Amino acid sequence: MNYSTRPRAAGTDTADAPAGAPADAPELDLHELAQQLRVDSVRAADAAGSGHPTSSMSAAELMAVLIARQLRYDFSEPRHPGNDHLVLSKGHASPLLYAAYKAVGAVTDEELLTFRKRHSRLEGHPTPRLPWVDVATGSLGQGLPIAVGMALAEARLAEQPYRTWVLCGDSEMAEGSVTEALEQAGYDRLDRLTLIVDVNRLGQRGPTRHGWDLDAYARRIEAHDWHTVQVDGHDPDAVDAAYREAVAVTDRPTAILARTVKGQGVAAVADREGKHGKPLPDAQSAVAELGGRRNLRVPVRAPDAPPAPTAPPVPAAATAPADAEPDGSAPRLPVYERGARVATRDAFGEALVAVGGAHPEVVVLDGEVGDSTRTRAFAEAHPERFFECYIAEQQLVAAAVGMQTRGWVPYASSFGAFLERGYEFVRMAAVSRARINLVGSHAGVAIGEDGPSQMALEDLAAFRAVHGSTVLHPCDAHQTARLVATMAESDWLGGVRYLRTLRGATPVIYDPQERFPIGGSKVLRSSDIDEVTLVAAGVTVPEALLAAEALAADGIAARVVDLYSVKPVDTATLHEAAARTGRLLTVEDHHPEGGLGDAVLDAFTDGRHAPPRLRRLAVRELPGSATPDEQLHDAGIDAEAIARAARELIASD
């Protein structure tokens with residue numbers, strides 16, 4: 001439907017679309033509230049000397065009507081399970097969000113003017129440093145995909161209903177991640193998800209692709225089974241009617257396409273190119289042109305049900321001692337015969353079923369590779385908590401981020417190489433202080449004949465680089481199962497957690513009772529006469545053990561370290577090995593940049609421990625198709641190559 005205006009009697013509501021304010025609250029002048037949001041956006045950016053006031057000014061009516069008429073939120077209880085979610089996808093318009101927080105009484109005018117200043121909670125783009133911000137935004141195209149995760153949780157998991165609202169810009173509609181989100185939301189009929197598109201025509205450097213052609217946006221969105229509403233974004237009554245229509249739609253999500261003017265209300269910047277991302281040139285005159293400062297207070301409607309106790313999110317910087325053990329009820333993890341050959345991806349799938357049985361908050365998301373990653377086992381055991389995201393890895397990671405805001409513990413799984421497509425969402429997940437478990441299978445050249453397009457050979461480096469991340473690479477089934485459980489049970493383990501699994505079978509070398517603390521390692525072979533230390537992880541651990549046996553036959557004693565925790569790394573064990581043997585040889589099924597070898601090298605950059613003689617074996621050439629054994633041999637990371645490199649390292653003294 002297309003709204004230009006729709007008269008609304010003061011204080012009236014429809015039965016199926018309740019107003020945002022309590023019934024006995026005085027009627028707010030929505031035009032005046034919008035002007036207040038504009039004025040405060042201008043003032044905040046002016047005080048900071050930077051920011052995006054014009055992008056905030058275009059959406060002022062959209063925000064004013066939302067907080068005054070539709071949003072249900074208890075700002076004194078940000079973790080209230082009945083709270084609606086408001087995701088500002090166009091995060092550069094943060095002055096508008098902060099002005100809204102002032103209007104509802106969450107921040108003071110004094111704090112508003114600390115915008116973008118050192119130590120202020122009001123950062124240039126919103127982050128969860130503010131308790132009412134669920135996720136960090138500012139990287140365009142992320143808000144809607146994350147909101148889809150929130151809406152999926154409401155539709156499939158939540159006992160108490162809530163609505164998810166997303167305010168995005170027209171520029172970010174060009175992002176492929178937005179298309180993935182539109183498809184997922186339409187397919188899953190997420191009727192309590194509302195997308196508000198601020199179509200202000202101008203992007204960062206000039207006009208957007210479709211300008212003010214709302215029909216172009218509508219055709220695209222409707223093709224994904226969404227309901228759309230076109231509206232004059234500066235007509236409060238029309239915006240109110242559009243929101244009410246969205247709330248009344250119960251069989252699909254709704255997108256409101258609002259035609260607006262960037263810099264609305266101030267002639268010097270309204271619909272003018274070159275004004276993006278800059279304070280207004282004369283803020284005092286702009287405030288006067290907007291009618292001056294106001295101090296309207298919005299009585300936001302609270303959720304209907306009383307709050308239930310919920311635990312606060314754990315910061316990404318949370319740490320625990322290296323010997324910390326999982327908390328909570330222990331799952332009945334699978335048990336394997338010592339010496340049997342089991343793929344770590346198989347152990348992951350079986351352990352995930354057990355962990356899901358012990359922890360009802362665990363959910364699993366798949367990228368249409370569940371047969372290969374083994375998440376299919378969870379889908380069969382716990383179908384109500386399994387989510388298929390299909391071949392849309394950005395949406396896969398984003399949905400996990402959205403679900404964890406509601407207290408769920410997500411495991412999102414795909415091939416390690418394909419998860420890298422969602423890497424920018426992983427980076428922003430760290431900024432959001434999100435706690436998500438990512439599992440990448442089919443890692444390294446050891447997958448064999450499929451060839452390099454399927455081989456994750458950069459994943460360890462990528463995930464090690466993420467702030468606050470944990471990177472794990474188990475070598476056998478029991479180690480994998482225990483780490484899968486730890487990822488769910490350790491409340492102290494914050495941030496992004498990445499587990500790397502293998503396609504092929506590896507020998508079971510550990511007992512089921514063995515513990516594998518985060519930040520630890522296992523010394524599998526050692527003596528008082530060791531001349532070299534072999535450091536391995538994953539598929540190269542059994543190869544290192546075979547190499548040590550070959551070296552022993554030549555009278556060379558070699559220590560073998562299973563460095564399953566690639567981040568954080570077990571510096572103490574590495575320092576001891578270096579002191580004892582003087583030589584370290586790292587071997588990894590990964591490119592040499594940023595992986596296991598660099599993690600080991602980083603352990604000796606503290607200035608207190610002299611680095612040993614170090615040699616690194618890694619995949620240095622582009623692989624082709626071959627059997628797994630041939631791949632390891634051609635890459636120079638099999639037992640034969642390890643033994644040869646160890647001999648050369650010793651002989652080079």
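Note that the structure is a prediction, hence the values are computed from the model and not measured. Computed over heavy atoms, backbone and side chain alike; hydrogens, waters and symmetry mates excluded.
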Can you tell if the side chain of [X] reaches within under 4.5 Å of the side chain of [Y], non-hydrogen atoms only?
X: D188; Y: P253; result: no
X: V298; Y: V104; result: yes
X: R294; Y: Q35; result: yes
X: L419; Y: D459; result: no
X: L152; Y: W408; result: no
X: R385; Y: L157; result: yes

Taking all non-hydrogen atoms of both residues, which atom of [X] and which atom of [Y] are closest, and how far apart?
X: R497; Y: N437; answer: NH1-OD1, 2.8 Å
X: L37; Y: S41; answer: O-OG, 2.8 Å
X: M63; Y: L97; answer: CE-CD1, 4.3 Å
X: W226; Y: G186; answer: NE1-N, 3.6 Å
X: W132; Y: F75; answer: NE1-O, 3.1 Å
X: S89; Y: G143; answer: OG-N, 3.0 Å

To the nearest 0.5 Å, what is the distance between [atom1] on [X] and [atom2] on [Y]?
X: K102; Y: E111; atom1: NZ; atom2: CD; result: 12.0 Å
X: L96; Y: L88; atom1: CG; atom2: CG; result: 7.0 Å
X: Y73; Y: W165; atom1: OH; atom2: CH2; result: 15.5 Å
X: L202; Y: E273; atom1: CG; atom2: CD; result: 6.0 Å
X: L66; Y: L167; atom1: CG; atom2: CG; result: 8.0 Å
X: T54; Y: L280; atom1: OG1; atom2: CG; result: 7.5 Å

Review point. Which residues satisfy the side-chain contact (heavy atoms from CB on, under 4.5 Å) test with Q264, sequence neighbours excluded?
Key: R38, H234, V261
Review point. Under the side-chain contact (heavy atoms from CB on, under 4.5 Å) test, which residues partner A181, sequence neighbours left out?
Key: L144, P145, V148, Q395
Could you tell me whether the side chain of [X] and the main chain of [Y] form a donor-acceptor pair under 3.5 Å?
X: Q404; Y: I436; result: no
X: E175; Y: E172; result: no
X: R220; Y: M173; result: yes

Using only heavy-atom distances, determine whether the side chains of [X] and [Y] contain a donor-acceptor pair under 3.5 Å.
X: D304; Y: Q160; value: no
X: S120; Y: R129; value: no
X: D74; Y: H80; value: no
X: N200; Y: S58; value: yes

Exercise for review: Would you check, one step at a time, whether the test side-chain contact (heavy atoms from CB on, under 4.5 Å) holds for V466 with Y498?
Suggested key: CA-CA 10 Å; V466 173; Y498 177 65; over 6 Å; no
Check your understanding: If you draw the axis of the six-membered ring of Y162, does the NZ or CZ of R406 fall within 45° of it and under 6.0 Å from the ring centre?
Key -> yes
Point to revise | Pair D240 + R244, salt bridge at N-O below 4.0 Å | key: yes
Check your understanding: Would D109 and R43 pass as an ion pair if we require N to O under 4.0 Å?
Key -> yes
Check your understanding: Quick one: side chain to side chain donor-acceptor pair (under 3.5 Å) pairs with a partner in residues 413-423, sequence neighbours left out?
Key -> none
Practice item. For F425, check ring-ring contact (aromatic ring centres under 6.0 Å, His included) against everything at least two apart and list the hits. Key: none
Point to revise | side-chain contact (heavy atoms from CB on, under 4.5 Å) between F463 and L438, worked out | key: CA-CA 10 Å; F463 287 101; L438 302 176; 3.7 Å; yes
Check your understanding: Pick one: which of D170, D198, D232 meets side chain to side chain donor-acceptor pair (under 3.5 Å) with T260?
Key -> D198
Review point. Considering residues at least two apart in sequence or located in another chain, which fulfil the side-chain hydrogen bond (donor to acceptor under 3.5 Å, both in side chains) criterion with D271?
Key: R201
Exercise for review: Among residues two or more places apart or on two chains, list those pairs meeting ring-ring contact (aromatic ring centres under 6.0 Å, His included) that have a residue in residues 34-66.
Suggested key: H52-H92, H52-H276
